[in-house]
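I am attaching a structure below and will ask some questions about it afterwards.
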Amino acid sequence: MLDPQLLRNDLEQVAKSLAVRGYQLNVDEWKQLERRRKSVQIETEELQNKRTTISKSIGRAKSEGENVQPLLDEVSAIGLQLDESKELLKKIQAEMESVILYTPNLAHESVPVGKDEGDNIEVRRWGQPKQFDFEIKDHVTLGERNRGLDAESAANLSGSRFTLLTGEMAQLHRALAQFMLNQHIQNHGYKEYYVPYLVNVETMRGSGQLPKFVDDAFITEDERYLIPTAEVPLTNLVADTILDESELPIKMTAHTPCFRREAGSYGKDTRGMIRQHQFEKVEMVQIVHPKHSFQALDEMTGHAEAILQALELPYRVIVLCTGDMGFSATKTYDLEVWLPAQNTYREISSCSNCTDFQARRMKARFRPFDNQKTQLVHTLNGSGLAVGRTLIAVLENYQQKDGSVLVPQVLQPYMAGKTVMNQLS
RNA sequence: GGAGAGUUGGCCGAGCGGCUGAAGGCGCUCCCCUGCUAAGGGAGUAUGGGUGUUAAAAGCUCAUCGAGGGUUCAAAUCCCUCACUCUCCGCCA
C-alpha cells in the first residue's frame, strides 16, 4: 500500500512513477474522491462531536433532575444526519481503498525503466558455462532413467504441473533443501522457522497477494489459502506489532512447499519441472530499519548467490526493469542459473525490497531508539533458492556422457557420501 | 464434533449504560531526596486517522476495551454473529 499522504501531496508525481511500471492511476477520479472524502469526513466528525457533547450534557442534566426533552429532540435530529454522513463516508473510503489496494509499489529510482522482461538489465555473471563434449540431455531425459523424475505418475495422481520424485532424485531434492537452510542459518545469520502452509485472507492481503491476485492462489473450502511462498507467513509475523529498534534486523528463513495456480501460463514451460503447481523453496525474509533496506537487499541477494557458488553453478544477476517487477517490490534482483539443455539462463531466485509497502498494509512498525513516533519497517524477501529448479540445474550441469550425474561436493554429506548418482540400476 | 469459561493499555488487573481513553499495581522515562548495595517523594507513559502547517509542531477533532453488526440521546458496559484462548468429553498423527 502506498502512503496516502504521498498520494495527497504529490499525486502527479506518483501517477508518473506508476505509469513507468505500466500502471495507470486515474488521477482525476482520485482527486475527486479525495475532495469528497475530506469534506464528508470533516462533516461526519463535527456531527459526531456535537452528538457526544450533547449526550454528555443529557447525563449531567438528568442527574440534576432537569428536563432533558429539549436536548433529546436536538440530538435525535443530529443522529439522522450523522447516520447519513457516516454511510457516505464509508462508501467513499471503500472506493478509495479498492483503488489503493490494487495499486503497486513505486519503483526505486535506480530501477531501469522498461516494459517487460526484455528490458531487464544484467548486473553481473558468475562462473563459466561448462563445455560438454557429448550430446547433452535435459533434466526430463535424465530423470526418466530409473523413473527418478516421474511426471506421468504425478499426472495420474494429480494432473499436469506436478512431479513425482523417487529414489536418488528425492534424496537429492531433500539434500538441496537441507544444504540451503544450513547455509542460511550457519553462515548468513537467519533463524529457521517452521510455518503454516495455510493462511487466512488478512495474511494474504498483508503481503500483497490479495486482493489483486486471487486467481493465482489455491483456496480451501473454509477460505484459507495455500501459501504461494513462505514470504507470506514469515513477513506477516510482524503484522500489527510495534517492534523495538533493537530487535532489527530480523532475519528469517523457512523451507516450505509453495502452491501456485499458474493461471495464464498455459503452454509455458510445459516440459519438465520448471513450472509446477507445487514446488519447494527455501525463503529468506528480512525485517529491517528503513535506512538499511537497500543495503539489506544487496546482502540478501549475496546470500542466494552464495548457494549457487557453493554448488558451482554458473549464474547471472539481473535487475528487473520497472515493467517486470512484482506488485509489492520497489526493486528486484533475479538470479538466473545456467541450464545447458536450454542453452540459457533461467530464473532460480528473486530478491526484492518491498520498502514500507507491505509494512503499511500489515501495520508493522518499530519504535526508534530516541522513542519518538513509531515508524514503518521495511520488508524484504528472497528465494534462497527454489529447490526444484536447483535440482534441475544440478542434473543438467553435472551430467556425464553416460547419463549419470556427479553429486556436487557440498551435497555429498547430505547424500550419504555418494559422489555419483543416476547410474543405471 | 459436544459442553462450559474467557478475550480491557508494554504486562497484571478493576469497571458491567453517562462525569471512563479507561481506577489500581508492575514496568519504563524524567526530576527531587537520601546515600550505599536498597528505599522514599513528585511528574509523565496507548495506537491510528483527519484537520492544521512552506515543511513540521502546537492546537482542535474522530476512532479504537478480540472482530463485525444491533439497541440507546449515550455502550468497555445490554443484545446478536464470528474469531481466538482455556477446561472437560469425544476423535486422532
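In what follows, every heavy atom counts, from backbone to side chain, and hydrogens, waters and symmetry copies are set aside. Throughout, protein chains are lettered first and strands after them, A, B, ... in sequence-line order, and every chain is numbered starting at 1.
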Exercise for review: Between B/rA67 and B/rU7, how far apart are the P atoms? Round to whole Å, please.
Suggested key: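 So the two P atoms sit 13 Å from each other.
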
Check your understanding: In the strands shown, is B/rA22 matched to any nucleotide by a Watson-Crick or G-U wobble pair with both distances under 3.5 Å, and which?
Key ->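 Checking every strand shown, B/rA22 finds no partner, since no pair has both distances under 3.5 Å.
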
Review point. Between A/R275 and A/E347, is there a side-chain N and carboxylate O pair less than 4.0 Å apart?
Key: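 Judged by the 4.0 Å cut-off on N to carboxylate O distance, A/R275 and A/E347 do not form a salt bridge.
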
Review point. On a whole-Å scale, what distance lies between the C1' atoms belonging to B/rA39 and B/rC32?
Key: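 It works out to 14 Å between them.
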
Review point. Salt bridge check: are A/D119 and A/K115 linked by an N-O gap of less than 4.0 Å?
Key: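 No salt bridge links A/D119 with A/K115.
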
Exercise for review: Determine the Euclidean distance between corresponding P atoms of B/rG66 and B/rC60; express it in Å to zero decimal places.
Suggested key: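 Result for the P pair: 28 Å, nearest Å.
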
Exercise for review: Scan residues 69-80 of chain A against RNA chain B and write down, sorted by residue number, each residue with any heavy atom closer than 4.0 Å; if none is found, say none.
Suggested key: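 Correct list: A/L72, A/V75.
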
**Study point:** Protein-nucleotide distance (A/E66, atom CD; B/rC73, atom C1'), rounded to Å
**Key:**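 Going from A/E66 (CD) to B/rC73 (C1'), I get 16 Å.
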
Exercise for review: Report yes if a side-chain nitrogen or oxygen of A/K90 is closer than 4.0 Å to either non-bridging phosphate oxygen (OP1 or OP2) of B/rA63; otherwise report no.
Suggested key: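 Looking at the OP1 and OP2 atoms of B/rA63, neither is under 4.0 Å from any side-chain N or O of A/K90.
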
Check your understanding: Do we see a donor-acceptor contact under 3.5 Å between the side chains of A/Y197 and A/T256?
Key ->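 No, no side-chain donor-acceptor contact under 3.5 Å.
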
Practice item. Tell me whether the OP1 or OP2 atom of B/rG49 has a side-chain N or O from A/R37 closer than 4.0 Å. Key: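 A/R37 to B/rG49 OP1/OP2: no side-chain N or O under 4.0 Å.
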
Point to revise | A/D240 CG - B/rG66 P separation (whole Å) | key: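 My rounded result for the distance is 15 Å.
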
Practice item. Compare side-chain N and O positions of A/T374 against OP1 and OP2 of B/rU47 and report whether any pair is under 4.0 Å apart. Key: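 Checking B/rU47 against A/T374, no side-chain N or O comes under 4.0 Å of OP1 or OP2.
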
Check your understanding: For RNA chain B, whose closest nucleotide is more 5', that of A/S63 or that of A/K38?
Key ->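 On the 5' side of the pair lies A/S63.
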
Exercise for review: Measure the distance from CG on A/L82 to P on B/rC73 and round it to the nearest whole Å.
Suggested key: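 Taking CG of A/L82 and P of B/rC73, I get 13 Å after rounding.
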
Check your understanding: Looking only at atom C1', what distance separates B/rC65 and B/rG10, rounded to whole Å?
Key ->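 One C1' to the other, the span is 16 Å.
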
Practice item. Any salt bridge (Lys or Arg N to Asp or Glu O under 4.0 Å) involving residues 27-37 of chain A? Give me the pairs, sequence neighbours left out, ordered by first then second residue. Key: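 Listed by first then second residue: A/R8-A/E34, A/E12-A/K31, A/E34-A/R37.
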
Practice item. Compute whether any side-chain donor of one residue and acceptor of the other, for A/T330 and A/N353, lie under 3.5 angstrom apart. Key: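 A/N353 and A/T330 do not have a side-chain donor-acceptor pair below 3.5 Å.
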
Review point. Is there a side-chain polar atom (N or O) of A/R8 under 4.0 Å from OP1 or OP2 of B/rG50?
Key: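 Looking at the OP1 and OP2 atoms of B/rG50, one of them is under 4.0 Å from a side-chain N or O of A/R8.
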
Review point. Looking only at atom P, what distance separates B/rA3 and B/rU81, rounded to whole Å?
Key: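 It comes out at 13 Å once rounded to the nearest Å.
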
Practice item. Can you tell me, in whole Å, how much space there is between the P of B/rG9 and that of B/rA76? Key: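 Per the computed distance, 14 Å lies between those P atoms.
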
Exercise for review: Would you kindly give the CD-to-P distance between A/Q41 and B/rA63, to the nearest whole Å?
Suggested key: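 Taking CD of A/Q41 and P of B/rA63, I get 11 Å after rounding.
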
Please tabulate, for side-chain N and O atoms in residues 163-174 of chain A, each donor-acceptor pair with protein atoms closer than 3.5 Å (sequence neighbours left out).
from   : atom 1 : to     : atom 2 : distance (Å)
A/T163 : OG1    : A/Q276 : OE1    : 2.5
A/T166 : OG1    : A/R147 : O      : 2.7
A/E168 : OE1    : A/N422 : N      : 2.7
A/E168 : OE2    : A/K418 : NZ     : 3.1

Atom pairs, N/O to N/O, protein against nucleotides 15-18 of chain B, distance under 3.5 Å?
from   : atom 1 : to    : atom 2 : distance (Å)
B/rG18 : O6     : A/K62 : NZ     : 3.2
B/rG18 : N2     : A/S55 : O      : 2.8

Check your understanding: Is any NZ, NE, NH1 or NH2 atom of the basic residue among A/R260 and A/E262 found under 4.0 Å from an Asp or Glu carboxylate oxygen of the other?
Key ->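 Salt bridge between A/R260 and A/E262, a charged N being under 4.0 Å from a carboxylate O: no.
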
**Study point:** Whole angstrom value for the distance that separates P of B/rU47 from CG of A/L243
**Key:**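 Going from CG in A/L243 over to P in B/rU47 covers 14 Å.
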
Exercise for review: In whole angstrom, give the distance that lies between atom CG of A/D83 and atom C1' of B/rG69.
Suggested key: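 My rounded result for the distance is 14 Å.
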
Practice item. Check the distance between B/rU64's C1' and A/K363's NZ and give it to me in whole angstrom. Key: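 Nearest whole value for this atom pair: 11 Å.
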
Check your understanding: Just wondering, do A/C354 and A/F327 contact through their side chains at under 4.5 Å, heavy atoms?
Key ->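 A side-chain contact is absent here, since even the closest heavy-atom pair is not under 4.5 Å.
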
Point to revise | Atom-pair distance (CG on A/L376; C1' on B/rG48), nearest Å | key: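 Those two atoms, CG and C1', are 11 Å apart.
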
Practice item. Determine the Euclidean distance between corresponding P atoms of B/rA14 and B/rU8; express it in Å to zero decimal places. Key: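 After rounding to an integer number of Å, I get 11 Å for this pair.
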
Interface polar pairs with nucleotides 60-62 of chain B, N/O, under 3.5 angstrom:
from   : atom 1 : to    : atom 2 : distance (Å)
B/rU61 : O3'    : A/N49 : ND2    : 3.3
B/rC62 : OP1    : A/N49 : ND2    : 2.5

**Study point:** Donor-acceptor side-chain pairing of A/Y225 and A/Q209 below 3.5 angstrom
**Key:**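 No - no donor-acceptor pair under 3.5 Å links their side chains.
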
Check your understanding: Is it the case that A/K331 and A/S110 place a side-chain donor and acceptor less than 3.5 Å from each other?
Key ->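 Present: a donor and an acceptor within the cut-off.
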
Check your understanding: Does a nitrogen or oxygen in the side chain of A/R51 sit under 4.0 Å from OP1 or OP2 of B/rA74?
Key ->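 It does, given that an N or O in the side chain of A/R51 lies less than 4.0 Å from OP1 or OP2 of B/rA74.
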
Check your understanding: On a whole-Å scale, what distance lies between the P atoms belonging to B/rU53 and B/rA63?
Key ->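 About 24 Å, rounded to a whole number of Å.
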
Review point. Does the side chain of A/D138 come under 3.5 Å of the side chain of A/T141 through a donor N or O and an acceptor N or O?
Key: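 On atom types as modelled, these side chains qualify, holding a pair under 3.5 Å.
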
Under 3.5 Å, which donor-acceptor pairs link side chains of residues 61-71 of chain A to any protein atom two or more places apart or in another chain?
from  : atom 1 : to    : atom 2 : distance (Å)
A/S63 : OG     : A/R60 : O      : 2.7
A/N67 : OD1    : A/Q69 : N      : 3.1
A/Q69 : NE2    : A/D73 : OD1    : 3.0

Practice item. Check whether the side chains of A/E280 and A/H255 place a donor and an acceptor atom closer than 3.5 Å, and report yes or no. Key: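 Checked: A/E280/A/H255 side chains pair up, N/O donor to acceptor below 3.5 Å.
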
